[in-house]
Number of protein chains: 2
Amino acid sequence: MTGNNEHLFLIFENLFKIKSECSSEILCGCGLPDITLKQIGYLKIIDRYGEITFSKLAEVTSNSKPTISEMINKFIQMECVYKKRSLQDGRVFHICLTEKGQTICRCEQKALFRLTEKMNYSLTEDEIKTLVRILKKVK
Amino acid sequence: MTGNNEHLFLIFENLFKIKSECSSEILCGCGLPDITLKQIGYLKIIDRYGEITFSKLAEVTSNSKPTISEMINKFIQMECVYKKRSLQDGRVFHICLTEKGQTICRCEQKALFRLTEKMNYSLTEDEIKTLVRILKKVK
DNA sequence: AATCAATTAGTTAGGCTTTACCTACATATA
DNA sequence: TATATGTAGGTAAAGCCTAACTAATTGATT
């Protein structure tokens with residue numbers, strides 16, 4: 001029992017390490033070493049909406065509009081988002097993620113995808129089926 | 001191939017989600033919602049040394065000594081570390097992690113351990129052996 | 001239909017608090 | 001005297017705010 005758990009721990013520690021190396025690599029590739037957790041959180045909200053106006057973003061993040069203006073200006077400098085003027089209403093801007101912005105907020109998913117690619121590469125089709133069958137049971 | 005990868009992705013996404021729920025739970029349990037990544041980084045350095053003096057910590061983190069004093073005072077308030085006066089030299093203090101401090105910087109390991117416990121609980125011994133055998137191959 | 005006031009979206013200016021640093025100087029112990 | 005740590009006071013950046021501004025739209029009124 002304990003021996004098994006020990007083994008499992010070491011095996012999964014290795015897998016988690018591989019994944020976190022992938023995500024560090026992806027994030028480093030964006031060239032924004034000083035990005036903060038808060039900023040990533042806001043990028044994720046923008047990603048969730050696909051496109052969002054300043055007012056709506058102020059509303060959903062419970063911030064004032066000037067705070068959002070400032071934040072978005074910084075994001076534009078960082079090349080994470082861009083502004084798109086609305087055709088219906090000239091006062092309105094839609095905030096969209098750039099490629100880089102998407103990479104940052106989907107970093108963990110991309111890293112996980114790389115990990116599964118590595119598995120696909122190292123394992124046979126049968127082994128993968130067995131793996132899926134067993135791990136499906138874990139709740 | 002692609003189908004397999006898709007399956008693997010979903011299965012592991014679930015496992016990673018379970019683990020990250022565990023680590024959030026552990027961290028929330030510490031009652032320090034405003035702790036920063038920098039602070040956690042410094043706690044990990046203290047953990048690595050086991051016990052460390054102010055001067056040494058200033059040296060290894062490339063900070064000035066007053067910066068360390070200030071940081072440690074905050075950590076003491078947060079109940080993450082305590083000071084222990086050296087018996088050999090009354091000028092020297094050793095900085096040690098409290099239980100809470102250890103919990104914070106070993107949070108990811110504890111979460112991984114909880115995940116493997118869940119696996120142990122959900123799977124048979126044979127399944128675990130198969131799992132270990134297969135996953136050992138992933139590089 | 002033309003116009004002008006009110007409303008709305010976003011910006012600018014200026015200010016506050018906290019984090020995370022610093023230097024210069026003070027205190028206690030060796 | 002030299003060394004370990006502490007105190008005082010200061011800086012820059014992050015992340016927030018309010019008040020006042022500009023530009024576009026809406027809608028009531030002539």
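The chains referred to below are lettered A, B, ... by the order of the sequence lines, with proteins before strands, and numbering in each begins at 1. It should be emphasised that the depicted structure is a prediction, and the values quoted were computed from it without experimental measurement.
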Using nucleotides 28-30 of chain C, report all nitrogen or oxygen pairs with the protein that are shorter than 3.5 Å.
unit_1: dA30(C); atom_1: OP1; unit_2: Gly90(B); atom_2: N; d: 2.8

Is there a side-chain contact between Thr53(B) and Leu57(B) in this structure, where contact means two heavy atoms from C-beta onward sitting under 4.5 Å apart? no

dT11(C) OP1/OP2 closer than 4.0 Å to side-chain N/O of Ser69(A): yes

Expressed in angstrom and rounded to an integer, what is the separation of Lys84(B) atom NZ from dT5(D) atom P? 14 Å

Among residues 70-83 of chain A, which ones have heavy-atom contacts with DNA chain D below 4.0 Å? Glu70(A), Lys74(A)

Tell me, do Ile95(A) and Glu51(A) make a side-chain contact under 4.5 Å, heavy atoms counted? no

Which donor-acceptor pairs under 3.5 Å do the side chains of residues 32-46 of chain B make with protein atoms, sequence neighbours left out?
unit_1: Thr36(B); atom_1: OG1; unit_2: Gln39(B); atom_2: N; d: 3.1
unit_1: Gln39(B); atom_1: OE1; unit_2: Thr36(B); atom_2: N; d: 3.0
unit_1: Tyr42(B); atom_1: OH; unit_2: Asn63(B); atom_2: ND2; d: 3.0

Which residues in residues 33-63 of chain B have at least one heavy atom lying under 4.0 Å from any atom of DNA chain C? Thr36(B), Lys38(B), Gln39(B), Tyr42(B), Ser62(B), Asn63(B)

Can you see if the side chain of Thr67(B) gets near the phosphate of dA20(C) - specifically, an N or O under 4.0 Å from OP1 or OP2? no

Do the non-hydrogen side-chain atoms of Lys19(B) and Phe16(A) ever get within less than 4.5 Å of each other? yes

Find the distance Lys65(B):NZ to dT23(C):C1' and express it as a whole number of Å. 14 Å

Sole residue of Lys110(A), Glu108(A), Gln109(A), Arg114(A) in side chain to side chain contact (heavy atoms under 4.5 Å, CB included) with Ser23(A): Glu108(A)

More than 12 foreign heavy atoms under 6.0 Å from NZ of Lys118(A): is that the case here? no

Under 3.5 Å, which donor-acceptor pairs do the side chains of residues 131-139 of chain A form with other protein atoms, sequence neighbours left out?
unit_1: Lys137(A); atom_1: NZ; unit_2: Glu127(B); atom_2: OE2; d: 2.2

Can you tell if the side chain of Leu97(B) reaches within under 4.5 Å of the side chain of Cys105(B), non-hydrogen atoms only? yes

Side chains of Ser86(A) and Asp89(A): does their closest heavy-atom pair fall under 4.5 Å? yes

What residues, two or more places apart in sequence or in another chain, satisfy salt bridge (charged side-chain N to carboxylate O under 4.0 Å, His left out) together with Glu59(A)? Lys56(A)

